[in-house]
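A short write-up of the structure that comes next.
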There are 2 protein chains.
Amino acid sequence: MKLKELADKLGLSQTTVSRALNGYPEVREETRMRVQKAATTYNYRPNTRAMGLATGRSMAIGHVIPVYSKNEVVNPVFGEFIAGASQTYSANGYELLLTVADAQNEEDTYRKLVAKGAVDGVIVHSPERNDSRVAMLRDIGLPFVIHGRVSEIDLEYSWIDFNNRRAFQQATQLLLDLGHEKIALINGIETLNFAWLRRQGYTHALEQAGIALDPSLMSSAEMTEGHGYSSASAMLKKPDAPTAFLVSSYMIALGVRRAISHAGLQMGRDVSVIIHDDELSFFQNNDPVPQFTATRSSVREAGAKAAQMLLNIIDDPSIAPVSELLEAHLTIGSSTGPLKRLKAANQN
Amino acid sequence: MKLKELADKLGLSQTTVSRALNGYPEVREETRMRVQKAATTYNYRPNTRAMGLATGRSMAIGHVIPVYSKNEVVNPVFGEFIAGASQTYSANGYELLLTVADAQNEEDTYRKLVAKGAVDGVIVHSPERNDSRVAMLRDIGLPFVIHGRVSEIDLEYSWIDFNNRRAFQQATQLLLDLGHEKIALINGIETLNFAWLRRQGYTHALEQAGIALDPSLMSSAEMTEGHGYSSASAMLKKPDAPTAFLVSSYMIALGVRRAISHAGLQMGRDVSVIIHDDELSFFQNNDPVPQFTATRSSVREAGAKAAQMLLNIIDDPSIAPVSELLEAHLTIGSSTGPLKRLKAANQN
DNA sequence: TATCTTATCCAAAGCGCTTTCAATTTACTT
DNA sequence: AAGTAAATTGAAAGCGCTTTGGATAAGATA
């Protein structure tokens, strides 16, 4: 069913039908009703492409997910973030265009999207510490919101993030308060800004406490279970093994937990662990007493908010860059406890 | 830069430029070169919407992800599948339109997509045992490929799946061969077809072996870590606790592993576990000796293949429904071993 | 009753592309 | 040299919608 057919059926012009459906005032209320009813009856929906052509807007938002190599990790955080954003989009008649792009030619991907007129704006994922995309997107004038921040740049841009630094500082502080001094950090890739900020929070807290940083207690890689396992295993084998771990994601933590139990230790008693919990739906950490002590911040919520921010910007591009910094909640679970001197050394 | 401008710059008509760019034969080779070079220089890309309007195709594929309630689990398998599909799309000039839809009005979502002319085809995720979407999509004539199958329906349609039934039958058989008889199944939601087929494989193998089914050893729910933990914990507390677990996903298995170790048992020695491994990138199970004995099948590969299938169908809708059944590989890891009589009973 | 508003509605142009139908060259035959 | 076929290019229509610039009818004003 196309506009013309609907108009013919109603004995009206396309103009009037279009206006009735789009809520313009120069249509008699009675006519509008008639039109709307007919539209429902015939399940009429304006053709997106035709509408886009006529209005110059595509009613679509691009999400560009960087992938570093062919078989690279797809961060499950994306799925959750997108689930949040998606709600906002469909509530506002927008579509979500997903592109999985080589990190190499990611800029190209954005340019292409704009040139093709495929999207009205984009959400930028996984910003790096000094991410060139910010400058580029401003250049080409494509509205965007970054999930995360870009610390080492002093341009204005819109973003939403949670307070990585503060969260990890607090978490470290908690471990210090429990008496731990040999605290390991098992982090994501530290060229990515979020991981870098987390590390800052960690080092800051240690420095404040007058504890020297030990590079052998810091590990940084893709956030996989395997990364957690191998890093933690290696650290636990050291003569001066850490008594506590600060861990950047639930996935990593699963590996850490495995390493701990392989080492014959018990999490929460012999070794403390604090994780950052993105509240992924398939990794609930919310038993009455959660497994993991965690700093938590809902990625899904961030997704919904980021999407709304972007739509606002598209509606009125003149509004100054906006941003929102979410605070994480610290939840005490069973994975932390006061420092206890181990009776026997590592029984590896 | 739009077609007209480019044509003007070249002193050619839009017609010729369009033809040159789209590879039509009635253009002198020299002219084509000139046009292509200019297109690159000015970074010209045809406007998707205009092109779509003119050709009647949208060059976009829809992926509809069902969500059952507001805070429902987003299966990480989607992310991986989509990463695979995405490669195929961008190699063929297609876009990927993602919709997260209420399972309730999912049919509506498809109708809407078609009416709006937003997509040329869709990939259907998470089919149920008797999924009404098949009939509906055939009705409205939208090309589609199902990731999975719909067992209880005898319509023809295109699908790609891996052999769930066979995989779980083999896995069960392996456990039987190892001497296990009390074998538990911790499955996904069994109204979903894949889970149903897995259960069939499991029950079939047990029946063949003359072992009575024990409903208390079968559990079915969303595939989360929590599900694995609570189900396995409960079963391990029973007087006749299972000595082996068949588990539908890596995530569930993590919970099972936790339950096993909480029960003071050791996986692979006291209790055997076989999982199905979708080869998610952030859960590599491919150490020299993998943690988990597993049936494996790459979801990412399935995504790429499904996408290619769909594009083929769109190119030539007359081709009969096609399908592909992938076989899973069984990999022996350290989570399985021969049945050993436990010295002490469950020490819970 | 004649004029001016206001409320409704419509014809037609235009969004940027593809594609049909024609026109113009050029190449080839005889 | 004349005529025909093949190669190359363009003009213009059309995809389905929005929106500008009237037109018309009804109501208000004087």
Mind jotting down which residue pairs meet the salt bridge (charged side-chain N to carboxylate O under 4.0 Å, His left out) criterion with at least one end in [range]? Sequence neighbours excluded, please.
| range | result |
| --- | --- |
| residues 83-100 of chain A | A/Glu95-B/Lys116 |
| residues 137-150 of chain B | B/Arg149-B/Asp161 |
| residues 81-93 of chain A | none |

For this session: Hey, could you give me each pair passing ring-ring contact (aromatic ring centres under 6.0 Å, His included) that has a residue in residues 12-40 of chain B? Not counting sequence neighbours.
Result: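 Counting only pairs at least two positions apart or across chains, no ring-ring contact (aromatic ring centres under 6.0 Å, His included) contact touches residues 12-40 of chain B.
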For this session: Return each pair, listed once, that meets ring-ring contact (aromatic ring centres under 6.0 Å, His included) where at least one residue sits in residues 88-141 of chain B; pairs must be two or more places apart or across chains.
Result: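 For residues 88-141 of chain B: B/His63-B/Tyr89, B/His63-B/His125, B/Phe78-B/His125, B/Phe81-B/His125.
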For this session: Output all residues satisfying salt bridge (Lys or Arg N to Asp or Glu O under 4.0 Å) with A/Lys37, sequence neighbours left out; order by chain, then residue number.
Result: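 A/Lys37 satisfies salt bridge (Lys or Arg N to Asp or Glu O under 4.0 Å) with no other residue.
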Problem set entry | Residues within residues 41-58 of chain A bordering DNA chain C, heavy-atom distance below 4.0 Å |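 Heavy-atom contacts with DNA chain C come from A/Leu53, A/Ala54.
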For this session: Could you list by number each residue of residues 3-30 of chain B showing a heavy-atom separation from DNA chain C of less than 4.0 Å, or answer none if no residue does?
Result: B/Leu3, B/Gln14, B/Thr15, B/Ser18, B/Arg19, B/Asn22, B/Tyr24
Exercise. Say you draw a straight line from CG of A/Leu96 to CD1 of A/Ile61; how long is it, rounded to the nearest 0.5 Å?
Worked result: 8.5 Å
N/O contacts under 3.5 Å, protein versus nucleotides 26-28 of chain C?
none

Seminar exercise, completed: Residues passing the side chain to side chain donor-acceptor pair (under 3.5 Å) test with B/Ser158, sequence neighbours excluded, are none
Problem set entry | Along DNA chain D, first and last positions that approach a heavy atom of chain A under 4.0 Å | D/dG16 to D/dG21
Exercise. With a cut-off of under 6.0 Å to the ring centre and 45° to the axis, is A/Lys2 in cation-pi contact with A/Tyr44?
Worked result: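 That pair does not qualify as a cation-pi contact.
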For this session: Kindly check if the number of other-residue, nucleotide or ligand heavy atoms within 6.0 Å of CD (A/Glu5) is above 12?
Result: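 Atom CD in A/Glu5 is packed in, count exceeds 12.
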Problem set entry | side-chain hydrogen bond (donor to acceptor under 3.5 Å, both in side chains) contacts touching residues 304-313 of chain B (sequence neighbours left out) | B/Glu301-B/Lys305, B/Lys305-B/Glu324, B/Gln308-B/Asn312
Exercise. With distance as the sole criterion, is a donor-acceptor pair present between the side chains of A/Thr15 and A/Ser18 under 3.5 Å?
Worked result: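 Looking only at side-chain atoms, A/Ser18 and A/Thr15 do not form any donor-acceptor pair under 3.5 Å.
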